[in-house]
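Below: one structure, written as C-alpha coordinates.
Being a predicted model, the structure only gives us computed values, none of them experimental. Computation of the quantities below employed the complete heavy-atom set of this structure, encompassing side-chain atoms and omitting hydrogens, waters and symmetry-equivalent molecules. Numbers for residues simply follow the sequence, beginning at 1.
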Amino acid sequence: MQRLKGLRRRLILPAAVVLLVPAVSSIGTSMNAQAATKAISFKQAKSILKRGGYGYELQLPHLKSESAKRTVITTLPGARSKDTFTLVRHGKYVKISALFGTLDGGHFTKYNNTGLPTHKTVLAKAPAWHTGTPKVLRHKWVNKMYGWHFYKNHVVVWDRTVGWVATAHPWTNVTYQRLSKNKYKTHVYSPRDGRHYTATWKLSPNHQKIYGSKYMATAYRSN
(Lines give C-alpha, C1' and ligand atoms only; values in the text may rest on other atoms or scores of the structure.)
Protein backbone atom coordinates (compact mmCIF):
# COMPACT_ATOMS: atom_id res chain seq x y z
CA MET A 1 0.00 0.00 0.00
CA GLN A 2 2.84 2.44 0.81
CA ARG A 3 4.43 1.70 -2.57
CA LEU A 4 1.16 2.60 -4.30
CA LYS A 5 0.95 5.92 -2.39
CA GLY A 6 4.52 6.76 -3.39
CA LEU A 7 3.76 5.96 -7.00
CA ARG A 8 0.68 8.21 -6.85
CA ARG A 9 2.77 11.09 -5.50
CA ARG A 10 5.28 10.70 -8.33
CA LEU A 11 2.49 10.77 -10.90
CA ILE A 12 0.66 13.77 -9.43
CA LEU A 13 3.69 16.06 -8.82
CA PRO A 14 4.74 16.48 -12.49
CA ALA A 15 1.14 17.30 -13.42
CA ALA A 16 1.12 20.14 -10.87
CA VAL A 17 4.39 21.54 -12.28
CA VAL A 18 3.04 21.43 -15.86
CA LEU A 19 -0.02 23.42 -14.81
CA LEU A 20 2.24 26.25 -13.59
CA VAL A 21 4.10 26.73 -16.90
CA PRO A 22 1.30 28.41 -18.95
CA ALA A 23 0.68 30.89 -16.12
CA VAL A 24 4.35 32.03 -16.07
CA SER A 25 4.44 32.21 -19.88
CA SER A 26 1.30 34.33 -20.05
CA ILE A 27 2.76 36.79 -17.51
CA GLY A 28 5.91 37.19 -19.61
CA THR A 29 3.88 37.69 -22.80
CA SER A 30 1.77 40.33 -21.08
CA MET A 31 4.87 42.20 -19.85
CA ASN A 32 6.42 42.14 -23.35
CA ALA A 33 3.22 43.47 -24.88
CA GLN A 34 3.11 46.33 -22.37
CA ALA A 35 6.75 47.23 -23.12
CA ALA A 36 6.11 47.19 -26.87
CA THR A 37 3.16 49.59 -26.55
CA LYS A 38 4.75 51.95 -24.01
CA ALA A 39 3.81 55.55 -24.72
CA ILE A 40 6.41 58.03 -25.99
CA SER A 41 6.83 60.56 -23.18
CA PHE A 42 6.89 64.33 -23.69
CA LYS A 43 10.64 64.41 -22.99
CA GLN A 44 11.34 61.52 -25.38
CA ALA A 45 9.19 63.10 -28.09
CA LYS A 46 11.13 66.38 -27.94
CA SER A 47 14.44 64.51 -28.17
CA ILE A 48 13.19 62.48 -31.17
CA LEU A 49 11.99 65.61 -32.95
CA LYS A 50 15.38 67.29 -32.44
CA ARG A 51 17.15 64.28 -33.92
CA GLY A 52 14.67 64.36 -36.79
CA GLY A 53 15.73 67.90 -37.70
CA TYR A 54 12.77 69.78 -36.19
CA GLY A 55 14.76 71.47 -33.42
CA TYR A 56 13.97 75.05 -34.48
CA GLU A 57 10.24 74.28 -34.52
CA LEU A 58 10.29 73.19 -30.86
CA GLN A 59 9.63 76.63 -29.42
CA LEU A 60 6.99 76.73 -26.64
CA PRO A 61 6.16 73.00 -26.93
CA HIS A 62 2.92 71.70 -25.40
CA LEU A 63 1.85 68.08 -24.87
CA LYS A 64 -1.55 67.75 -26.49
CA SER A 65 -2.04 64.01 -25.92
CA GLU A 66 -0.07 60.91 -24.96
CA SER A 67 -1.12 57.28 -25.32
CA ALA A 68 0.32 53.89 -26.22
CA LYS A 69 -0.72 54.51 -29.83
CA ARG A 70 0.58 58.04 -30.39
CA THR A 71 1.97 61.20 -28.80
CA VAL A 72 0.92 64.62 -30.11
CA ILE A 73 2.85 67.85 -29.48
CA THR A 74 1.98 71.40 -30.55
CA THR A 75 4.56 74.19 -30.80
CA LEU A 76 4.61 77.95 -31.43
CA PRO A 77 7.88 78.51 -33.34
CA GLY A 78 7.15 82.08 -34.42
CA ALA A 79 5.02 85.10 -33.61
CA ARG A 80 2.05 83.65 -35.50
CA SER A 81 3.11 80.08 -36.29
CA LYS A 82 1.67 76.87 -34.91
CA ASP A 83 2.90 73.35 -35.65
CA THR A 84 1.55 69.94 -34.66
CA PHE A 85 3.71 66.81 -34.48
CA THR A 86 2.30 63.29 -34.19
CA LEU A 87 4.71 60.52 -33.18
CA VAL A 88 3.82 56.84 -33.61
CA ARG A 89 6.08 53.99 -32.50
CA HIS A 90 6.80 51.19 -35.00
CA GLY A 91 9.17 48.71 -33.37
CA LYS A 92 12.56 50.40 -32.96
CA TYR A 93 11.48 53.32 -35.15
CA VAL A 94 9.17 56.31 -34.67
CA LYS A 95 7.13 57.77 -37.53
CA ILE A 96 6.74 61.55 -37.36
CA SER A 97 3.88 63.40 -39.05
CA ALA A 98 4.21 67.20 -39.06
CA LEU A 99 1.51 69.79 -39.72
CA PHE A 100 2.86 73.32 -40.19
CA GLY A 101 0.60 76.35 -40.07
CA THR A 102 0.05 80.01 -39.32
CA LEU A 103 -2.47 81.80 -37.09
CA ASP A 104 -2.62 84.90 -39.31
CA GLY A 105 -6.17 86.22 -39.61
CA GLY A 106 -7.16 84.76 -36.24
CA HIS A 107 -7.49 81.18 -37.46
CA PHE A 108 -5.23 78.26 -38.36
CA THR A 109 -4.08 77.98 -41.97
CA LYS A 110 -1.90 75.14 -43.25
CA TYR A 111 1.54 76.28 -44.38
CA ASN A 112 3.93 73.99 -46.27
CA ASN A 113 6.82 76.29 -47.18
CA THR A 114 9.06 75.48 -44.20
CA GLY A 115 11.61 73.39 -46.08
CA LEU A 116 11.05 70.57 -43.59
CA PRO A 117 9.50 67.17 -44.38
CA THR A 118 5.92 66.56 -43.31
CA HIS A 119 6.70 62.85 -42.77
CA LYS A 120 9.88 61.29 -41.42
CA THR A 121 10.96 58.04 -39.75
CA VAL A 122 13.74 58.04 -37.13
CA LEU A 123 15.15 55.61 -34.60
CA ALA A 124 13.32 55.64 -31.28
CA LYS A 125 16.63 55.59 -29.41
CA ALA A 126 19.64 57.70 -30.34
CA PRO A 127 22.38 55.60 -32.01
CA ALA A 128 25.47 54.91 -29.90
CA TRP A 129 28.63 56.98 -30.38
CA HIS A 130 31.81 55.15 -31.42
CA THR A 131 35.45 56.27 -31.29
CA GLY A 132 37.26 56.85 -34.58
CA THR A 133 35.87 57.07 -38.11
CA PRO A 134 33.52 54.63 -39.91
CA LYS A 135 35.46 52.14 -42.06
CA VAL A 136 33.41 53.00 -45.17
CA LEU A 137 34.54 56.65 -44.94
CA ARG A 138 38.28 55.89 -44.63
CA HIS A 139 39.21 57.25 -48.04
CA LYS A 140 40.07 60.55 -49.71
CA TRP A 141 37.02 62.53 -50.85
CA VAL A 142 37.13 65.70 -52.97
CA ASN A 143 34.88 68.23 -54.65
CA LYS A 144 35.81 71.44 -56.48
CA MET A 145 36.44 73.37 -53.28
CA TYR A 146 37.52 71.03 -50.50
CA GLY A 147 39.04 67.67 -49.73
CA TRP A 148 38.66 65.30 -46.77
CA HIS A 149 40.90 62.35 -45.97
CA PHE A 150 39.41 60.05 -43.34
CA TYR A 151 41.97 58.06 -41.37
CA LYS A 152 41.19 55.63 -38.57
CA ASN A 153 41.30 58.18 -35.73
CA HIS A 154 41.46 61.58 -37.43
CA VAL A 155 40.40 63.48 -40.54
CA VAL A 156 42.55 65.82 -42.64
CA VAL A 157 40.71 68.62 -44.46
CA TRP A 158 42.12 71.11 -46.94
CA ASP A 159 41.10 73.88 -49.31
CA ARG A 160 41.74 72.68 -52.88
CA THR A 161 41.66 76.21 -54.30
CA VAL A 162 44.75 77.12 -52.25
CA GLY A 163 46.57 73.82 -51.92
CA TRP A 164 47.32 70.96 -49.54
CA VAL A 165 50.56 72.34 -48.06
CA ALA A 166 49.07 75.71 -47.13
CA THR A 167 45.71 74.60 -45.75
CA ALA A 168 45.75 70.92 -44.70
CA HIS A 169 45.05 70.46 -40.99
CA PRO A 170 43.75 67.57 -38.91
CA TRP A 171 40.46 67.10 -37.10
CA THR A 172 41.04 64.97 -34.00
CA ASN A 173 39.02 63.28 -31.21
CA VAL A 174 36.73 61.82 -33.86
CA THR A 175 33.55 60.01 -32.84
CA TYR A 176 30.65 58.88 -35.00
CA GLN A 177 27.09 57.58 -35.02
CA ARG A 178 25.60 55.27 -37.62
CA LEU A 179 22.23 56.82 -38.44
CA SER A 180 21.22 54.33 -41.15
CA LYS A 181 22.80 51.90 -43.62
CA ASN A 182 24.77 54.56 -45.53
CA LYS A 183 24.41 57.60 -43.29
CA TYR A 184 26.77 58.68 -40.51
CA LYS A 185 27.21 61.61 -38.15
CA THR A 186 30.72 62.62 -37.08
CA HIS A 187 31.90 64.88 -34.27
CA VAL A 188 35.46 66.25 -34.37
CA TYR A 189 37.76 68.75 -32.68
CA SER A 190 39.84 71.20 -34.73
CA PRO A 191 43.07 72.19 -32.89
CA ARG A 192 43.65 74.88 -35.50
CA ASP A 193 40.75 77.06 -34.31
CA GLY A 194 39.83 75.31 -31.05
CA ARG A 195 36.30 74.51 -32.22
CA HIS A 196 34.15 71.37 -32.37
CA TYR A 197 32.34 70.41 -35.57
CA THR A 198 29.49 68.01 -36.22
CA ALA A 199 28.68 66.83 -39.74
CA THR A 200 26.36 64.32 -41.38
CA TRP A 201 27.62 62.21 -44.29
CA LYS A 202 25.45 60.18 -46.64
CA LEU A 203 27.13 57.71 -48.98
CA SER A 204 25.86 56.67 -52.40
CA PRO A 205 24.84 52.98 -52.70
CA ASN A 206 28.16 52.11 -54.38
CA HIS A 207 30.18 54.16 -51.82
CA GLN A 208 31.77 56.33 -54.53
CA LYS A 209 30.13 59.62 -53.48
CA ILE A 210 29.31 61.37 -50.23
CA TYR A 211 26.75 64.08 -49.61
CA GLY A 212 27.17 66.48 -46.70
CA SER A 213 25.00 69.44 -45.78
CA LYS A 214 22.85 71.22 -48.35
CA TYR A 215 25.59 73.86 -48.61
CA MET A 216 28.29 71.33 -49.54
CA ALA A 217 28.76 70.06 -53.08
CA THR A 218 28.86 66.28 -53.63
CA ALA A 219 32.32 64.84 -52.94
CA TYR A 220 33.80 61.94 -54.89
CA ARG A 221 36.07 59.17 -53.70
CA SER A 222 39.58 59.61 -55.16
CA ASN A 223 41.42 56.59 -53.75
Rounded to the nearest 0.5 Å, how far does [atom2] of [Y] lie from [atom1] of [X]?
X: K64; Y: T75; atom1: NZ; atom2: OG1; result: 12.0 Å
X: F85; Y: E57; atom1: CZ; atom2: CD; result: 5.5 Å
X: I210; Y: K202; atom1: CD1; atom2: NZ; result: 13.5 Å
X: T86; Y: I96; atom1: OG1; atom2: CD1; result: 10.5 Å
X: R178; Y: K183; atom1: CZ; atom2: NZ; result: 13.5 Å

Under the side chain to side chain contact (heavy atoms under 4.5 Å, CB included) rule, what do D104 and T109 come out as? Steps first, then yes or no, please. CA-CA 8 Å; D104 281 339; T109 304; over 6 Å; no
Is it the case that the side chains of [Y] and [X] hold a donor-acceptor pair, with the cut-off being a distance below 3.5 Å and no angle test?
X: H154; Y: N173; result: no
X: S222; Y: W141; result: no
X: Y197; Y: D193; result: yes

Kindly say whether the aromatic ring centers of Y93 and H90 come within a distance under 6.0 Å.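 Centroid distance Y93-H90: not below 6.0 Å, so no.
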Within the side chain of [X], is there an N or O that forms a donor-acceptor pair under 3.5 Å with the backbone of [Y]?
X: Y54; Y: P117; result: yes
X: N182; Y: P205; result: no
X: R160; Y: N143; result: yes
X: T71; Y: I40; result: yes
X: R192; Y: A168; result: no

Nearest atoms (heavy-atom pairs only) where [X] meets [Y]:
X: S190; Y: W171; result: CB-CD1, 3.7 Å
X: Y151; Y: R138; result: O-CG, 4.0 Å
X: K69; Y: V88; result: O-CG1, 3.6 Å
X: P170; Y: P191; result: O-CD, 3.4 Å
X: T186; Y: W129; result: C-CZ3, 4.5 Å

Let me check something: do V142 and V136 share a hydrophobic cluster, defined by ILVMFWY side-chain heavy atoms less than 4.5 Å apart, either directly or through other members?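 As far as the 4.5 Å side-chain criterion goes, V136 and V142 are not connected within one cluster.
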Matching residue for Y176 among K185, H187, H130 - test: side-chain contact (heavy atoms from CB on, under 4.5 Å):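 Passing option: H130.
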Check the pair H149 / W158 against side chain to side chain contact (heavy atoms under 4.5 Å, CB included), numbers first and verdict last. CA-CA 9 Å; H149 197 158; W158 72 98; 4.2 Å; yes
Within 45° of the six-membered ring axis of F42 and under 6.0 Å from that ring's centre, is NZ or CZ of K46 located there?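 Yes, cation above the ring, under 6.0 Å and within 45°.
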